[in-house]
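Nothing here was measured: the structure is a model prediction, and the numbers come from that model.
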Amino acid sequence: MIDETLSVPPSQEERQALRARNMDALWSFYPTTAKMLDSYRPLANLVFNDDGSPDLEFMGQRFYDGNITEFTEKQLKSYWDQPNRLEIPQLQAGALDTYGGHSMRSFLNRAKEELDISFRVQRQTEPAFFLVVQGIGLAPHLDALVERTQCRNLILMDANLEGLYQSMEIYDWEKLLLKMNQRNGDVFFFISDDVQGQIDGLRNRIRGSSIAMVDGTYVYQHFISGMFDEFTKIFNREASLLLAGLGFFYDEQLMMRNARTNLAEGTARFYFRPDKVPPRGCPAIVVGCGPSLDASIEHLKRNADKAVVISCGSALGPLMAAGIKPDFQIEMENLEVATVLEFVSEKHDISDICLVAATTVDIEAAAMFKERVFYHRLALCPYPVFSNNVQNFIHNLDPTVVNAGLGFVQEMGFKEIYLFGVDMGQRGTDKHHASVSYHYTEGAIIAQSPFNIEVPANFGGKAKTTQGLFWALDSIHRMVRVGARNVRYFNCSNGALITDIPPKLPRTVNLPELETPKDQLVQSMIEAFPPFTKADFDDAWNLERLLDAINKTSDEIRDVIMSWTDFTDKEPAIRLNAIFYHPAEDDRYEKFSTLMLRGTYNMALIAGDFYINRAPTPEQSAKVHELFKEEFLTLVEVCRERAVEHMKALDAGDFLPLEYLKEP
């Protein structure tokens, strides 16, 4: 029953006292929300029926139709008859990396052979880690939902502060906040009419709290709203991005090998984003290798001398073939980059182009350029070892080299940015890249996903994109939304529409002549990046501290797993997430070890949670849980041993075979 959830003090004086107590609690726990409420001016009226029950009245209409108890009980009953839960697709071993996949295959085989269990399609347990509530109203539904779901994260969404403000004098928010705090849980307020902002906030909150516990998340809608409908539509489309980019153990080993090699000589520069970047006195053209580059290359060539041209990855081939030498070559991938560059360098001299690449880039590729500027990727394990400075990475650069290229020009102060060949998909063609790129040469290595996601096209109509490019498109959307003010973007590509970037036909681009010679502008940019010296490298690389960090993190994870005796207990997930995402800020080596391990371990935990909660009975779930613990502990020791061996080899100047690193 919901009657006990509303305090409804009988007098105005008592209601104001409750409001004051609630506000004190908000100031203690969530000062940002309290500050918003403190300055809010209500639009509706809090009214009371003859029986003393509250309601919200706006323009003569009552939100709860005069009976808040009946309204809420009916809504809750309807919801629990068919609850809306986020359930991730069935996980197979192939969805994990080689280390996690090997562990998962052993786990599932043992569950079948030793326990003879057939897992259910749907989650069999009711408790969940996350509860998302769309609509606060007067909050009569919250206690019942929190109690039944046993959630550890309560995520509250609303378009405005009206309901929260009015509920402060009839609902005991202090009691709820203390209850969640005592659970070692949390409450998050997303109060905004910005749908994409709410989606991004929810995604960040889930990743930051415990991505391993995302399966089974409850979503409850308290009232009908076009904003909530739009949220649901977009969230369902982007749900797969929740698990994107978690990282894999083998990749992290490769990243560290490349970063150490690229930086060891101390002959490169570090990307550095100053606090204040003066506006550049010229436009920038960011070039991707999408199919539409074929038709637009001549229009790009007309303007190439009037802008700083940034080539992203394989776009270098079509550009050089057209007689356009870019000013910067952007690279990011850790393998096979040199193969693509060699395709171009066999016909053209590219050595005097300035390379701007991730520290983790293919080591053979980096060696092909005289001038190299290395940026960091924040979520990769070399970052804290060799930098740990937020000014050395590019924001929102994942997952493609085009994202890195756009981030580069945006952070370097360009106020007029044109995109060519940034298709992010296909439109009216079956091509996946520009015609004269490496990808159409005989024997080219192409890992191409199906173009099976329909999205709006840049010049109207529809385009098709892949799962990876959909993530890249989402990253560009967020990059533009949070980017520098007063930047003019133009999308001259004939592919997917990029929200907030207006389309512009390539033939209509006619840039003015530059007042300052372009080579001077480019050189001044390069010289502003500080050198990374041999002394800097020697100061960063410390084998003893690297190994200590690997062992410390592995021991902490092992201890949490060993203490996890009850599969319904969510506390270990919170403790593991604290290890993965909240290491000591001043310990760069501890950050290194958690970044190296957390992707593979999180995916394994997601898989374990998935199957544990799909066993037919609680007794079988407990047995599956014990099997999972055993396999996970084995995974921890395998990764520990391989990581230690690899760091020692790198310190000695040796490269372990990639196939050996890849397979457990």
Side-chain angles (χ1 to χ4, degrees), residues 280 282-328 330 400-403 405-410 414-437 451 453-465 469-470 472-477 479-481 483-484 486-514 518:
R280 301 293 171 186
C282 66
I285 299 176
V286 178
V287 188
C289 198
S292 72
L293 187 60
D294 291 343
S296 63
I297 194 75
E298 289 303 318
H299 300 296
L300 196 164
K301 187 175 183 178
R302 283 191 297 104
N303 293 279
D305 291 336
K306 307 169 188 175
V308 172
V309 178
I310 289 82
S311 168
C312 300
S314 57
L316 183 62
L319 285 173
M320 296 296 286
I324 306 169
K325 178 172 280 192
D327 302 294
F328 294 96
I330 311 294
T400 73
V401 67
V402 166
N403 297 95
L406 181 56
F408 174 72
V409 298
Q410 184 172 275
F414 289 93
K415 298 300 183 182
E416 191 172 328
I417 302 171
Y418 296 82
L419 308 182
F420 279 77
V422 182
D423 293 5
M424 294 291 139
Q426 296 175 334
R427 184 186 182 198
T429 179
D430 59 357
K431 292 182 177 180
H432 43 77
H433 288 83
S435 297
V436 296
S437 71
F451 290 82
I453 302 175
E454 189 174 82
V455 293
N458 191 39
F459 293 104
K462 298 292 183 181
K464 292 290 187 69
T465 192
L469 290 177
F470 184 76
L473 190 63
D474 173 76
S475 184
I476 291 178
H477 288 162
M479 185 184 300
V480 173
R481 287 167 63 88
N486 304 318
V487 178
R488 301 172 64 207
Y489 301 89
F490 302 96
N491 188 2
C492 307
S493 317
N494 191 15
L497 176 71
I498 300 177
T499 306
D500 298 326
I501 299 185
K504 187 174 182 63
L505 291 169
R507 67 172 182 270
T508 65
V509 179
N510 295 291
L511 301 178
E513 298 292 337
L514 295 175
K518 188 170 70 164

S.K.: Where is the tightest heavy-atom contact between Lys431 and Gln426, given as atom of each residue plus distance?
M.R.: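 Nearest pair, atom of Lys431 first, then Gln426: O-NE2, 2.7 Å.
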S.K.: What I'd like to find out is whether the side chain of Lys464 reaches to under 4.5 Å of the side chain of Ile453, using heavy atoms alone.
M.R.: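 No, side chains not in contact.
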S.K.: Give the intermediate values and the outcome of side-chain contact (heavy atoms from CB on, under 4.5 Å) for residues Asn494 and Phe459.
M.R.: CA-CA 7 Å; Asn494 191 15; Phe459 293 104; 3.7 Å; yes
S.K.: If you look at every heavy atom in Phe420 and Pro506, which pair is closest and at what distance?
M.R.: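 Between these two residues, the closest heavy atoms are CE2-CB, 3.9 Å.
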S.K.: Mind checking what makes side chain to side chain donor-acceptor pair (under 3.5 Å) contact with Arg488, not counting sequence neighbours?
M.R.: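 Counting only residues at least two positions away or on another chain, Arg488 forms no side chain to side chain donor-acceptor pair (under 3.5 Å).
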S.K.: Does a side-chain heavy-atom distance below 4.5 Å link Phe328 with Val409?
M.R.: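 No, too far: nothing below the 4.5 Å cut-off.
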S.K.: Does some side-chain heavy atom of Leu300 sit less than 4.5 Å from a side-chain heavy atom of Leu293?
M.R.: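 The answer is yes, as the side chains (C-beta and beyond) meet within the 4.5 Å cut-off.
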S.K.: Rounded at 0.5 Å granularity, tell me how far CZ in Phe451 sits from NE2 in His432.
M.R.: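 The NE2 atom of His432 is 7.5 Å from CZ of Phe451, to the nearest 0.5 Å.
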S.K.: With side chains defined as the heavy atoms from C-beta onward, is the minimum distance between Ser437 and Cys289 less than 4.5 Å?
M.R.: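 Answer yes - side chains close enough.
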S.K.: Atom CE of Met424 and atom CD1 of Ile476: how far apart are they, to the nearest 0.5 Å?
M.R.: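 CD1 of Ile476 is found 4.0 Å from CE of Met424.
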S.K.: Strictly distance-based, threshold 3.5 Å: is any side-chain N or O of Arg280 a donor or acceptor partner for the main-chain N or O of Glu416?
M.R.: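 It does not hold such a pair.
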S.K.: If I compare all heavy atoms of Cys282 with all of Leu514, which pair ends up nearest, and what's the gap?
M.R.: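 Cys282 and Leu514 have their closest heavy atoms at CB-CD2, 3.2 Å.
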S.K.: For atom CZ of Arg481, is the number of surrounding heavy atoms from other residues, nucleotides or ligands below 6.0 Å larger than 12?
M.R.: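 Enclosed: over 12 neighbouring heavy atoms sit under 6.0 Å from CZ of Arg481.
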S.K.: Are any side-chain N or O atoms of Asn303 and backbone N or O atoms of Val509, one a donor and one an acceptor, separated by less than 3.5 Å?
M.R.: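 Judged by distance alone, yes, a pair lies under 3.5 Å.
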S.K.: Please confirm whether the backbone N or O of Asn491 pairs with a side-chain atom of Asn458, one donor and one acceptor, at under 3.5 Å?
M.R.: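 Side chain of Asn458 to backbone of Asn491, a donor-acceptor pair under 3.5 Å: yes, one is there.
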S.K.: How long is the straight-line distance from CG of Leu469 back to CG of Asp474, given to the nearest 0.5 Å?
M.R.: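 It is 12.5 Å, given to the nearest 0.5 Å.
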S.K.: Which value, rounded to the nearest 0.5 Å, describes the distance between Ile417 atom CD1 and Ile285 atom CD1?
M.R.: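 One gets 11.5 Å once the value is rounded to the nearest 0.5 Å.
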S.K.: So how far is it from Thr465 OG1 to Glu454 CD, rounded to the nearest 0.5 Å?
M.R.: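 CD of Glu454 is found 11.5 Å from OG1 of Thr465.
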S.K.: I'd like a table of donor-acceptor pairs (distance under 3.5 Å, sequence neighbours excluded) in which one partner is a side-chain atom from residues 304-324, with atom names and distances.
M.R.:
{"unit_1": "Lys306", "atom_1": "NZ", "unit_2": "Leu511", "atom_2": "O", "d": "3.3"}
{"unit_1": "Ser311", "atom_1": "OG", "unit_2": "Leu316", "atom_2": "N", "d": "3.2"}
{"unit_1": "Ser311", "atom_1": "OG", "unit_2": "Gln329", "atom_2": "OE1", "d": "2.7"}

S.K.: Any donor-acceptor pair under 3.5 Å linking the side chain of Ser292 with the backbone of Ser493?
M.R.: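 No: the side chain of Ser292 does not pair with the backbone of Ser493.
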S.K.: Can you name the side chain to side chain donor-acceptor pair (under 3.5 Å) partners of Lys301, sequence neighbours left out?
M.R.: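 For Lys301, no residue satisfies side chain to side chain donor-acceptor pair (under 3.5 Å) once neighbours in sequence are set aside.
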S.K.: State, to 0.1 Å, how close Asn403 and Thr400 come at their nearest heavy-atom pair, and which atoms those are.
M.R.: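 That closest heavy-atom pairing would be OD1-OG1, 2.6 Å.
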S.K.: Quick one: are Leu406 and Tyr489 in side-chain contact, heavy atoms under 4.5 Å?
M.R.: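 The answer is yes; the side chains approach within 4.5 Å.
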